Amino acid sequence: MASSVTAPPAAPAAVQAPAKSRKPSQLNPGSGKARTAAPARPMRAAPPARRGGEAAGASGPQWNPLQRLAAAALDAVEEGLVAGLLERAHPLPRTADPAVQIAGNYAPVGERPPRRGEPLPVAGSVPACLDGVYVRNGANPLHAPRAGHHLFDGDGMLHAVRLRGGRAESYACRFTETARLRQERAIGRAVFPKAIGELHGHSGVARLLLFGARSLCGVLDASQGIGVANAGLVYHNNRLLAMSEDDLPYHVRVTADGDLETVGRYDFGGQLDSAMIAHPKLDPATGELFALSYNVVSKPYLKYFYFNADGRKSRDVEIPVDAPTMMHDFAITENHAIIPDQQIVFKLQEMVLGGSPVVYDRSKTARFGVLPKRAADASQLRWVEVPDCFCFHLWNAWEDEATGEIVVIGSCMTPADAVFNESAGEESFRSVLSEIRLDPRTGTSRRRAVLSDADQVNLEAGMVNRQLLGRKTRYAYLAIAEPWPKVSGFAKVDLEAGTVEKFVYGEGRYGGEPCFVPRPDAGAGAAEDDGYVLCYVHDEARGASEMLVVNARDMRAEAAVKLPGRVPYGLHGTFMAGEELQRQA
C-alpha cells in the first residue's frame, strides 16, 4: 500500500547559463524517461571565494627549471598522444561523458561563504528544537574535465545550513581542501587521473603512466594522498570527517559563523596508513567507529578495523577474498560486522585489453561475511552465499534472536554495474529494497522484496534512525531514484508492514539523500520516527535550490529554506547537533 505527498513549488530564481563543453558527447544525453529534463551542457565552476588572509591571485606550482621542463614535455605527450590519438577515436560512454555526468544541476558551483546578517528566508516554520548544522557532501570538479569524467570523480564540496532557534542562520559551501585539489588549483587544470572516467582502455594505461612520470619528476606529489573526499560524512570523536574510499578521511571544522574549514588529512594520530571506505559505521551505543579498507593492487585486498570512542584503533583483520572487490558499504549489528563480497571486482589487466577495470563478474556468487565486531582475526568469519544480489548500499542490520539469523536491509541493484558502466538504458535499472536473512550456522540465506510488486519503486540513498543503527528498526527513509539517476522524492518504508509513504518534490524538482534527524527534545521512549527529514531540492525550471524540513511522522513539509545559490545534486550527509559543534576538536 502506498500514499504520497507532493511538496509545494519553489519560488522563482534566475537560471545560471551553462558554458560550452570542451568535448561534446557523441551520444544522445537526452535519451531516457520522458520525465527527464533536457540535459544542459556542463558548466565550469566559478572561481572559489578567497578565505580570510588569502592573497589575491592563485600562486603557481613551486617547480624548479627542470621540473617545469618535464611538466611541459609531459603535457605535450598528454595532448598529442593520449588526448590526440588514443582518446579522440573513441566515443565516450554516458558513464564517462562530461556532457552527461556534469550537465544541468550536476554541474559544479563556486564556493560561497556564509551569509551574514539576516537569516535565510523560510517558507513555513523551522522547528525550534532543531539546533545544529546539516552538512552534505558531493562531487564538484574545480576544473573542467580534459577527457572522460564520472560524477564520482569530482572534487569534494560540502554544503551546510545552520539551524538554531527556529531560524536558518546561514548557508555555506566549500571545497574540502584535499592535497589533490590544492595541487591542481596551483597548476590551473586537472592533472590527477580520474579513477572512473579516465582509467579505462589503452588511454587509461597511458594516463597512469603519465601520473607516474609526473610524480617521479616531482611535478605532482602523491605522498599526501590522491583522494577527493566527496562521498561520505561521519562525526566521530569530536571531528567531522569527509571521506571517499580512495584515501584517508579529511577533518573539516564547522566554524561559529557556519563556515567550513578543512583542518587536514586525518590519520587518527598516525594510526591509519591506508584508505578507508566512505561508509564507516558508528555504533550509537558505544561510540565506536567500524570501517573497511580495500586495495585494488596488492594483498591484503580487504581489511577490517575499528576505532573506540576516543579514537584508538584496533589491529587490522585481513578478510580473505580471492580478488580485489568493490566494498562501498557494509553493515553492523549489535555484535557483528556484515561484510559483502559481491560481483563488482577490479581487474586492472582489462585496461590493457581495451576495457574498464571495474568489471561485473557474472560467474561470481555474491556472499556476505559475518564476523564478530571486535574480532582479533578472521578465524570466526562465516561466509553466507546470497545469489544474484548486489547491494551498493546497506541501510541496517540486526540479530533476530528468535531464529538465530542476521537480518540485513539493503537495496539490490540491477544491473550490478549500473553506476559505473553503460547498460541498456535507464528503463532497465532497478533498485529493490530487500530483506536478506543470513544463517551463519548453516551458511544459507533467503531474500525477499520489502514492497509488493504494485508498490515497487527504485530506492537508493538514505538511512534509518541512526540512534538505532545495528538494532532492529521499523522505518527507513530512502531516496526515490526515478527517473534514474535523479531523485524525485523520498519514501518512508515500513519494513514490518511492507508499506510505503512517498514525499514527492513536484514536477521538475529533484533532490538527493534524505537525512533523518531525531527530534532532540523527544526524550526517552520516543517513537522511532519522531523526528525530521532534511534534504536539498532543486527546481530545474526556476534554477532555485532550497532545503526542505519534513516531519518524519506524517511526511508533511514544515519548512522550505530558500538558499542563495544553486546546490548541485550530491551524495551523503549528516546532521551535527549544537553540542557537537561546541565539542569540535
Side-chain angles (χ1 to χ4, degrees), residues 245 274-277 279-281 283 290-306 314-347 358-414 416-417 432-449 469-470 472:
E245 49 218 52
S274 61
M276 189 170 84
I277 68 169
H279 291 289
K281 302 302 177 184
D283 190 310
F290 298 85
L292 295 172
S293 173
Y294 66 83
N295 190 314
V296 303
V297 177
S298 61
K299 290 185 176 182
Y301 295 129
L302 181 63
K303 298 186 295 185
Y304 166 79
F305 50 88
Y306 64 93
S314 71
R315 64 183 296 178
D316 291 337
V317 175
E318 296 184 11
I319 305 299
V321 291
D322 296 331
T325 302
M326 168 157 286
M327 297 281 178
H328 182 70
D329 200 0
F330 76 118
I332 60 170
T333 68
E334 189 172 358
N335 298 297
H336 296 89
I338 313 302
I339 302 170
D341 179 19
Q342 302 178 114
Q343 308 98 313
I344 300 301
V345 300
F346 296 96
K347 296 183 178 180
V358 183
V359 176
Y360 176 18
D361 186 351
R362 298 176 186 272
S363 67
K364 181 178 179 179
T365 300
R367 59 182 185 167
F368 286 71
V370 181
L371 180 73
K373 232 165 45 170
R374 297 168 189 85
D377 55 47
S379 61
Q380 299 181 68
L381 177 67
R382 298 292 179 265
W383 290 109
V384 180
E385 291 189 348
V386 187
D388 303 317
C389 174
F390 175 79
C391 293
F392 197 53
H393 292 108
L394 300 175
W395 311 121
N396 199 18
W398 62 84
E399 290 133 7
D400 187 334
E401 295 182 0
T403 66
E405 296 171 309
I406 304 289
V407 181
V408 182
I409 305 298
S411 292
C412 292
M413 181 183 293
T414 54
D417 59 347
V432 179
L433 182 64
S434 303
E435 178 189 272
I436 304 163
R437 286 183 167 263
L438 312 173
D439 191 335
R441 300 164 303 180
T442 64
T444 59
S445 69
R446 48 197 174 110
R447 174 165 59 99
R448 68 174 184 88
L469 193 71
K472 184 177 181 180

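What you see is a predicted model; the values in this text were computed from it and never measured.
- Surrounding CZ of R315 are at most 12 heavy atoms belonging to other residues, nucleotides or ligands under 6.0 Å away.
- The CE atom of M327 sits 4.5 Å away from atom CG of D341, with the distance rounded to the nearest 0.5 Å.
- Counting only distance, with no hydrogens or angles, the side chain of Q380 and the backbone of P372 share no donor-acceptor pair below 3.5 Å.
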Fill in: Candidate pair M326 and E245, rule side chain to side chain contact (heavy atoms under 4.5 Å, CB included), full reasoning
CA-CA 10 Å; M326 168 157 286; E245 49 218 52; 4.2 Å; yes

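- Ring pair H328/H393 is perpendicular by interplanar angle, where above 60° counts as perpendicular and below 30° as parallel.
- Under a 4.0 Å N-O distance rule, the pair K281/D329 qualifies as a salt bridge.
- Screening Y301, F330, F346 against Y294 for a ring pair (Phe, Tyr, Trp, His ring centres under 6.0 Å) leaves a single residue, F346.
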Discussion item. As a quick check of understanding, evaluate side chain to side chain contact (heavy atoms under 4.5 Å, CB included) for D439 and V384, giving each step before the final call.
Written reply: CA-CA 7 Å; D439 191 335; V384 180; over 6 Å; no

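- The line from CD1 of I332 to CG of L394 is 12.0 Å long, rounded to the nearest 0.5 Å.
- Between the CG atom of N396 and the NZ atom of K472 there is a distance of 11.5 Å, given to the nearest 0.5 Å.
- Annotation for P387 and T365: closest pair CA-CG2, 4.1 Å, computed over non-hydrogen atoms.
- The distance from atom CZ of R367 to atom CD of Q343, rounded to the nearest 0.5 Å, is 12.0 Å.
- For the 3.5 Å distance criterion, the side chains of D361 and S363 qualify, holding a donor opposite an acceptor.
- The backbone N or O of V432 sits less than 3.5 Å from a side-chain atom of S434, completing a donor-acceptor pair.
- Not less than 6.0 angstrom separates the ring centroid of F390 from the ring centroid of Y360.
- Without hydrogens or angle criteria, T414 side chain to C412 main chain gives no donor-acceptor distance under 3.5 Å.
- With respect to T333, the side chain to side chain contact (heavy atoms under 4.5 Å, CB included) criterion is satisfied by exactly one of I338, V408, L469: I338.
- Considering every non-hydrogen atom in both P340 and F368, the closest pair reads CB-CE2, 3.9 Å.
- Two residues are said to be in side-chain contact when any heavy atoms from C-beta on lie closer than 4.5 Å; L302 and E318 fail this criterion.
- Salt-bridge annotation for K373 and D283: present, with a side-chain N of the basic residue lying under 4.0 Å from a carboxylate O of the acidic one.
- A salt bridge is absent between R447 and D388; no separation between the charged side-chain nitrogens and carboxylate oxygens falls under 4.0 Å.
- Note that NZ of K303 is 11.5 Å distant from CD1 of I319, once rounded to the nearest 0.5 Å.
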Worksheet entry | Verdict with supporting geometry, R374 and S314, side chain to side chain contact (heavy atoms under 4.5 Å, CB included) | CA-CA 8 Å; R374 297 168 189 85; S314 71; over 6 Å; no

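- Across all their heavy atoms, T442 and T444 have their closest contact at OG1-OG1, 2.6 Å.
- In this structure, T403 OG1 and R446 CZ are separated by 6.5 Å, a value rounded to the nearest 0.5 Å.
- The two residues S445 and L438 come nearest to each other via the heavy atoms CB-CD2, 4.1 Å.
- Taking every heavy atom of both residues into account, Q342 and C391 meet most closely at OE1-N, 2.7 Å.
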Discussion item. Using side chain to side chain contact (heavy atoms under 4.5 Å, CB included), reason through S411 and W395 one step at a time and then give a plain yes or no.
Written reply: CA-CA 8 Å; S411 292; W395 311 121; 3.0 Å; yes

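- Residue A366 comes nearest to C389 through the heavy atom pair CB-O, 3.2 Å, listed as atom of the first residue, atom of the second, then distance.
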